[in-house]
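Inspection log for the structure reproduced underneath, given as structure tokens.
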Amino acid sequence: MKAQRVSLLLVAAVLLLCSVHARGLRRCLVSMDMRHVVESFQEIKKAIQAKDTFQNVTILSTSETLHRIKPLDVCCVTKNLLAFYVDKVFKDHQELNPQILRKLSSIANFFLYMQKALQPCQEQRQCHCREEATNATRIIHDNYDQLEVRSAAIKSLGELDVFLAWLDKNHQENSAA
């Protein structure tokens, strides 16, 4: 009888710890409304993709890299890809059209907001980077680095809808509950 109680208490304790850990991971998801960013991108998508001279090359799309990301790795990959776009893609892209530039600035500002929203998770060490997440990010960087800088930036911007869809799927408003 005592052995059953001890076993039951151990199972309850494990379930409680798993629940607390899962809630901790969920707090690292950024609840947001993606509509404005998606609309901004849709308004410039054709113009950006028209500049893409490497139609048979992809950085995000066909690698399936983002589709294989496990829930434990969402925070890390989000953090790394936001940094990739903010620190590399937006900086490497040179846009002359002021309307496109305004839309890209709006998207970049949204990414900066997301980076800031993820900062508490990083400070509390709740945004772990496992090997799978690091490898996925490295593949994307390697794909980018294989192209000339301007071409890579245009390609990455043209594939922004892939990243936005992944963000929306993994950071839906009901995910953070």
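All values below were derived from every heavy atom in this structure, side-chain atoms included, with hydrogens, water molecules and symmetry-related copies excluded. Computed from a predicted structure; not experimentally measured.
For the residue pair Val162 and Leu66, the shortest heavy atom distance occurs at CG1-CD1, 4.1 Å. Closest of all the heavy-atom pairs between Met114 and Thr78 is CE-CG2, 4.0 Å.
By the 4.5 Å heavy-atom criterion applied to side chains, Cys129 and Lys79 are counted as neighbours. With contacts defined as side-chain heavy-atom distances shorter than 4.5 Å, the pair His128/Leu72 does not qualify. Between Leu82 and Phe163, the closest side-chain pair of non-hydrogen atoms falls below 4.5 Å. Side-chain contact between Leu112 and Asn109 is present, with heavy atoms from C-beta onward closer than 4.5 Å.
For Glu148, the side-chain contact (heavy atoms from CB on, under 4.5 Å) test picks out Arg150, Ser151, with sequence neighbours left out. The salt bridge (Lys or Arg N to Asp or Glu O under 4.0 Å) check on Arg130 picks up Asp73, Glu132, with sequence neighbours excluded. Legend: residues meeting side-chain hydrogen bond (donor to acceptor under 3.5 Å, both in side chains) with Asp142, ordered by chain and number and at least two apart, are absent. Residues passing the ring pair (Phe, Tyr, Trp, His ring centres under 6.0 Å) test with His36, sequence neighbours excluded: none. Listed by chain and number, the residues in a salt bridge (Lys or Arg N to Asp or Glu O under 4.0 Å) with Asp52 are Lys155 (sequence neighbours excluded). The side-chain contact (heavy atoms from CB on, under 4.5 Å) test applied to Ala165 returns no partner, not counting sequence neighbours. Considering only residues two or more places apart in sequence or on other chains, Tyr144 meets the ring pair (Phe, Tyr, Trp, His ring centres under 6.0 Å) condition with Phe84. For Gln146, there are no side-chain hydrogen bond (donor to acceptor under 3.5 Å, both in side chains) partners, not counting sequence neighbours. Evaluation of the side-chain contact (heavy atoms from CB on, under 4.5 Å) rule for Lys45 yields Phe41, Gln42, Gln49, Asp161 as partners, not counting sequence neighbours. Residues passing the salt bridge (Lys or Arg N to Asp or Glu O under 4.0 Å) test with Glu39: none are found, sequence neighbours excluded.
Identified under the salt bridge (Lys or Arg N to Asp or Glu O under 4.0 Å) test for residues 105-123, with sequence neighbours left out: none. Sorted by first and then second residue, the salt bridge (Lys or Arg N to Asp or Glu O under 4.0 Å) pairs with a member in residues 88-102 read Lys51-Glu95, Lys88-Asp145; sequence neighbours excluded.
Taking CD1 of Ile107 as the start and CG of Leu164 as the end, the distance is 6.5 Å to the nearest 0.5 Å. In this structure, Asn80 CG and Cys75 SG are separated by 9.0 Å, a value rounded to the nearest 0.5 Å. For the atom pair CD1 of Ile48 and CD1 of Ile154, the computed distance is 7.0 Å after rounding to the nearest 0.5 Å. Atoms CD and SG, from Glu131 and Cys76 in turn, are 12.0 Å apart once rounded to the nearest 0.5 Å. Here CG of Leu160 is found 8.5 Å from CG of Leu167. Values are rounded to the nearest 0.5 Å. Put simply, NE2 on His93 and CG on Leu104 are 5.5 Å apart, with the number rounded to the nearest 0.5 Å.
Taking the six-membered ring where tryptophan is involved, the planes of Phe110 and Tyr113 are tilted, since the angle between them lies from 30° to 60°.
No chain of hydrophobic side-chain contacts below 4.5 Å, direct or via other Ile, Leu, Val, Met, Phe, Trp or Tyr residues, connects Val89 to Val149.
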Item to check | side chain to side chain contact (heavy atoms under 4.5 Å, CB included) evaluation trace for Ile140 with Ile59 | outcome: CA-CA 6 Å; Ile140 292 168; Ile59 292 176; 3.9 Å; yes
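Side-chain atoms of Tyr85 come within 3.5 Å of backbone N or O of Ser156 as a donor-acceptor pair. Side chain of Asn170 to main chain of Trp166: a donor-acceptor pair is present (N/O by atom type, distance under 3.5 Å, no hydrogens or angles).
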